[in-house]
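Keep in mind that what you see is a predicted model, and the values were worked out from it rather than measured.
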Amino acid sequence: MDLHILDHKLRVTSISKTGLQQYTHPLIKLIFLRNRTRCKFFSLTETPENYTVVLDEEGFKELQPSEHLQVEGSTWLPLNVVSNGNTSSSSQAVGVTKIAKSVIAPLAEQHVSVFMLSTYQTDFILVREKDLSVVVETLVEEFNIFREEGGESVPVHSQDACNGLQRNGREVPHATVHPVLIPENQFCVMSLDPDTLPAIATTLIDVLFYSNSPKEGASVDQDMKCIKFFSFSLIDGYVSLVMDTEAQRQFPADLLFTSSSGELWRMARIGGQPLGFDECGIVAQISQPLADSDISAYYISTFSFDHALVSHFFKSQSKHMTK
């Protein structure tokens, strides 16, 4: 298999619910007016706490600093696994469990923190730019590694990683077992032709910016039956949407498409308190038991919590994910 280091330098940010109106204009520009911005990687996810926005340097210029914008200090690079010469952009869902053993687990063992973003088309593994040398050394025996530069794929060899395995040989700490909330919502993972975005503009704006959501600072307790979760990604011209069935009913059915099986997904929300960005092994801890049982899963990290979506939620797996 091939591993591509994509030609994007990303920032991970959070916009507070109370400050959303200050950023509505730039967000609408990034979603609907892609010809007026040079942004090629944009993802917006609403959770009960905030909006997580992941975007490249060009898109980041659109977000003015304010008290309502939190910015994780690192620059992140997206990795993408390519199998048999093709990315996983078919109509069939390909989840993080497909790369759990070959990518996620080895990086966790080397103390590399990852930020996951699964989309309808593929799975992006975001790593800090400063960790790239360790990533290459860790994965070079398993993958042919390429770095995209100006539209060309340039081979990357282990000797190109100047720092080597700086953390290798250290004892891997046991990952914290975080509490898991399983809301009752059922979710859809969908896509659409980006040229049809204007046709759903009113609905998408309403769902993202005007829907009823918990107020800023509202807690999400273990008894909550449903949570607000909506994710929109526009990456290199491909659109991906994750929404619950209630939100789906607001969109024209003939414009959105999903896999041929049309399966619904249940969510496991990881973390009782905000997880932060430095702890390693959270994604591996969740994806490994699912991979061992060959259960496909999408995985979406946000500024505060992580979210795993599974199509068949077996009770036998929940014991590995909760405590």
Whether F257 and Y120 hold their rings parallel, tilted or perpendicular, with breakpoints at 30° and 60°: perpendicular
Sidechain N-carboxylate O distance under 4.0 Å for D244, R249: no
Centroid-centroid under 6.0 Å between H307 and F229 rings: yes
Side-chain (T97) to main-chain (I295) donor-acceptor, under 3.5 angstrom: yes
Salt bridge present between K101 and D292 (N-O < 4.0 angstrom): yes
N/O donor-acceptor pair under 3.5 Å between Q110 side chain and V112 backbone: no
Positive for ring pair (Phe, Tyr, Trp, His ring centres under 6.0 Å) with H8, one of F41, F124, W76: F41
D123 side chain to Y299 side chain, donor-acceptor N/O pair below 3.5 angstrom: no
Any donor-acceptor N/O pair, T37 side chain to C39 backbone, under 3.5 Å: yes
Any donor-acceptor N or O pair under 3.5 Å, side chains S304, N50: yes
Short side-chain to backbone donor-acceptor contact, S16 and G19, under 3.5 Å: yes
Closest contact, heavy atoms only, T245 versus C188: CG2-SG, 4.0 Å
Sidechain-backbone polar pair: R266 side chain, A308 backbone, donor-acceptor under 3.5 Å: no
Test log, rule side chain to side chain contact (heavy atoms under 4.5 Å, CB included), inputs I125 and I99: CA-CA 10 Å; I125 311 104; I99 53 175; 3.5 Å; yes
NZ/NE/NH1/NH2 to OD/OE distance under 4.0 Å, K29 and E62: yes
Side chain T24, main chain L20, donor-acceptor under 3.5 Å: yes
Residues D195, R34: salt bridge by 4.0 Å N-O rule: yes
Full working for side chain to side chain contact (heavy atoms under 4.5 Å, CB included) between R269 and I227: CA-CA 10 Å; R269 172 184 158 104; I227 67 167; 3.9 Å; yes
Gap between atom NE2 of H25 and atom CG of L30 - 0.5 Å precision: 10.0 Å
Flag if over 12 foreign heavy atoms under 6.0 Å of CG, D254: yes
Steps toward side-chain hydrogen bond (donor to acceptor under 3.5 Å, both in side chains) verdict (S66, Y23): CA-CA 10 Å; S66 82; Y23 293 95; 2.7 Å; yes
CA sep, side-chain torsions, deciding dist, call: I5, V135, side chain to side chain contact (heavy atoms under 4.5 Å, CB included): CA-CA 10 Å; I5 305 165; V135 171; over 6 Å; no
Spacing of CG belonging to L241 relative to OG belonging to S231, to within rounding of 0.5 Å: 8.0 Å
SB check E246 K228 (cutoff 4.0 Å): no
Under 3.5 Å donor-acceptor, S233 side chain and S43 backbone: no
Pair N80-T122, side-chain donor/acceptor within less than 3.5 Å: yes
Residues in salt bridge (Lys or Arg N to Asp or Glu O under 4.0 Å) contact with D193, at least two apart in sequence or another chain: none
Heavy-atom pair with the smallest gap, counting every atom of E148 and S153: CG-OG, 4.1 Å
From CA spacing to verdict: side chain to side chain contact (heavy atoms under 4.5 Å, CB included), L197, I200: CA-CA 5 Å; L197 271 173; I200 66 165; 4.2 Å; yes
Heavy-atom closest pair, residues W265 and S296: CZ3-O, 3.9 Å
E57 bridged to R11 by N-O distance under 4.0 Å: no
Charged N-O contact under 4.0 Å between K17 and E49: no
Step-by-step side-chain hydrogen bond (donor to acceptor under 3.5 Å, both in side chains) determination, S240 to T119: CA-CA 6 Å; S240 178; T119 68; 4.6 Å; no
Distance in Å, K98 NZ paired with M1 CE, rounded so as to fall on 0.5 Å steps: 11.0 Å
Minimum heavy-atom distance between V283 and V114, given as atom pair plus value: CG2-CG2, 3.8 Å
Atom of I270, atom of H178 and distance for their closest heavy-atom approach: CG2-CB, 3.9 Å
Donor-acceptor pair, side chain of T302 and main chain of T52, under 3.5 angstrom: no
Y51-F303 aromatic ring centre distance below 6.0 Å: no
Under 3.5 Å: donor-acceptor pair, side chain of D56, backbone of K40: yes
Side-chain touch F146/D2, heavy atoms, less than 4.5 angstrom: yes
Which atom of D7 lies closest to which atom of G150, heavy atoms considered: OD2-N, 3.3 Å
Parallel, tilted or perpendicular: rings of F277 and F115 (30°, 60°): parallel
